[in-house]
Amino acid sequence: MRDILPPETSRWQWVESVAREVFDLYGYQEIRLPLLERTELFARSIGADTDIVAKEMYTFPDRKGDSLTLRPEATASVLRAVLENRLEKGAGVKKFFTLGPMFRYERPQKGRFRQFYQINCEAFGVEAPELDVEVILLLMHILKRLLPGELRLLVNSLGCPGCQVKFKAALGLFLINREGLCEDCQRRRTTNPLRVLDCKSAHCQEILQDAPVMRDYLCPDCAAHFARVLELLDRFNVAYELKPKLVRGLDYYTRTAFEVAAVGLGAQDAVAGGGRYNGLAKELGGPDLPAIGFAIGEDRLLEVLPLNFGQDHRPRVFVAALGEPARERAFTVIQELRRKNLAAEMDFEGRSLKAQMSLADRLNAAYVVIVGDKELAAGVAQVRPMKKFSYETGGKVKLTEVGAGRTLVKQEPVPFEDLMDYLTGKIRSEETH
RNA sequence: GUGGGCGUAGCUCAGUUGGCAGAGCACCGGGUUGUGGCCCCGGCGGUCGCGGGUUCAAGUCCCGUCGUUCACCCCA
């Protein structure tokens, strides 16, 4: 478990605000969900044989004795909320996004945490491959707004349950008399044969060279659906890699499955993953409701995001005051500035002017307003621009770097009654540049 | 669930065969009695993760424990 602290938090806010903006462009609306659900929901949706359900859930009884679980993923909760509130009724596609923490009890490592954050997208009610593509376009739209680096989009089709039965049978037959599979795969061979496909062992991959491929087992409908998805991705110039061995960890996926990988994340390099889950609604006792969605791993995304992205560059005003009367005045000045929507700060501890200047510098103040006895008497404050490398010509500055290429910026006397207009004007004009 | 690395000042880390707990950065003050960033000087700051053991003596050796980190399994 970990805390997320400033200045890191402003990067999180930025990522989330970009995601919200793009979701809005595509017509998605936010839903907010409980972090706790009845254990049964996850057991039924994710699949009892998956690692998530078998060993990774935070599960405990509540006071009444009902078994509750901290959500290990969002899709099941979203679908539960949709069905409970009859949100699937009515014409057209229903589009939702949600974001927040998920919980899995596993050993943390790079890019993996016990409490981690996802941005989730879920769309219901439309079976057409166009929706698959729109969802992928949406995902790539968000990621490209956020990340400058190259992303690898991996796609595959897992087929419908009919295809999967045939394929699993073929794969099982293929695996049954193969020698030399790693220990894990020997176990998986019976428990979850699909997982053998994406084993990282080089030796297993060698054995799998001529294993049956899902694509050959797709029924005509599934094959046509997948072909159309690929055709549209091409038309929108979305670069993708076909990855026949892409299987996903949750049982409920059907047809289109995809994953986005980024470099620099170590062993856990998937920043987003998703796919169709047409059968899940019925599985949970609802109607036959086609559905597709994805999850972005926010923690991992932040990990590969350059450090300067999403930092707060809002200009601030610092009011430096000397003496008690000046401090009184300064307090009213910063409140006035804040009411004008300008971020403003001052010192409450009676520090020296030098110390206040230094503080202003650390707070990244764009301007310092200096108020002392002289200024109060004259009714005129000194306004000093704090751009890097600016300095006052008359000051006792020993800055050794002063010289080549520095601009001279003098501080200006500004009557108190003009202060607000002066500062708002200065800062607005700088913001537009 | 399995295997390894690391826990010493706010941060990053030194610490010799066991012998007075250190540096850089950050912070505070001064050099400049009213002016930030560079420079110089000074200062503040540590139950050495926690508990036990060995020893005249433990940051150092041993055992346990907690935390953290990387990898496996698996996933975002």
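Numbers restart at 1 for each chain; the letters A, B, ... are given by sequence-line order, proteins then strands.
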Heavy atoms, side chains only, cut-off 4.5 Å: are Ser45(A) and Thr75(A) in contact?
-> no
Geometric cation-pi criterion, Arg114(A) with Tyr105(A): 6.0 Å, 45° |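 Because its charged atom sits under 6.0 Å from the ring centre and within 45° of the axis, Arg114(A) does stack over Tyr105(A).
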Is it possible for you to check whether Arg20(A) lies under 6.0 Å from the centre of the six-membered ring of Phe97(A), through NZ or CZ, and within 45° of that ring's axis?
->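 Output no; distance or angle outside limits.
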Atom CG of Asn364(A) and atom C1' of rG36(B): how far apart are they, to the nearest Å?
->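 Result: 11 Å.
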Could you state the CG-P distance from Leu151(A) to rA76(B), rounded to the nearest angstrom?
->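 In whole Å, rA76(B) P and Leu151(A) CG are 17 Å from each other.
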Any residue meeting side chain to side chain contact (heavy atoms under 4.5 Å, CB included) with Pro129(A), in chain and number order, not counting sequence neighbours =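 For Pro129(A) the side chain to side chain contact (heavy atoms under 4.5 Å, CB included) partners, ignoring immediate neighbours, are His225(A), Arg228(A), Val229(A).
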Using a cut-off of strictly less than 4.0 Å, decide whether Gln109(A) has a side-chain nitrogen or oxygen near OP1 or OP2 of rA71(B).
-> yes
Under 4.0 angstrom, heavy atoms only, what part of the nucleic acid is Phe318(A) near: base, sugar-phosphate, or nothing?
->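 If one applies the 4.0 Å heavy-atom cut-off, Phe318(A) turns out to touch nothing in the nucleic acid.
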Produce the list of close N/O pairs, under 3.5 Å, pairing protein atoms with atoms of nucleotides 1-7 of chain B; give distances to one decimal.
residue: rU2(B); atom: O4; partner: Arg107(A); partner atom: NH1; Å: 3.1
residue: rG3(B); atom: O6; partner: Arg107(A); partner atom: NH2; Å: 3.1

Between Glu37(A) and Arg80(A), does at least one N-O distance fall below 4.0 Å, as a salt bridge requires?
-> yes
Output yes when Asp299(A) and Lys110(A) qualify as a salt bridge under the 4.0 Å nitrogen-oxygen rule, no when they do not.
-> no
Syn/anti label of rG36(B) as read from its glycosidic torsion, with the cut at 90° from 0 | anti
With nearest nucleotides of RNA chain B determined for Gly372(A) and Glu298(A) from heavy-atom distances, which residue corresponds to the more 5′ nucleotide?
-> Gly372(A)
Donor-acceptor pair present, Arg384(A) side chain and rG36(B) base, under 3.5 Å | yes
Answer with yes or no whether Gln411(A) presents, from its side chain, a donor or acceptor under 3.5 Å of a partner atom in the base of rU35(B).
->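 Check passes, donor-acceptor contact within cut-off.
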Main-chain N/O of Ala321(A) paired with Gln356(A) side-chain donor or acceptor, under 3.5 Å |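 Checking the backbone N and O of Ala321(A) against the side chain of Gln356(A), a donor-acceptor pair under 3.5 Å is found.
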Hunt down any stem RNA chain B takes part in, defined as 3 or more consecutive Watson-Crick or G-U pairs whose two distances are each under 3.5 Å.
->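 Only these stems qualify: B:1-7 with B:66-72, B:10-13 with B:22-25, B:27-31 with B:39-43, B:49-53 with B:61-65.
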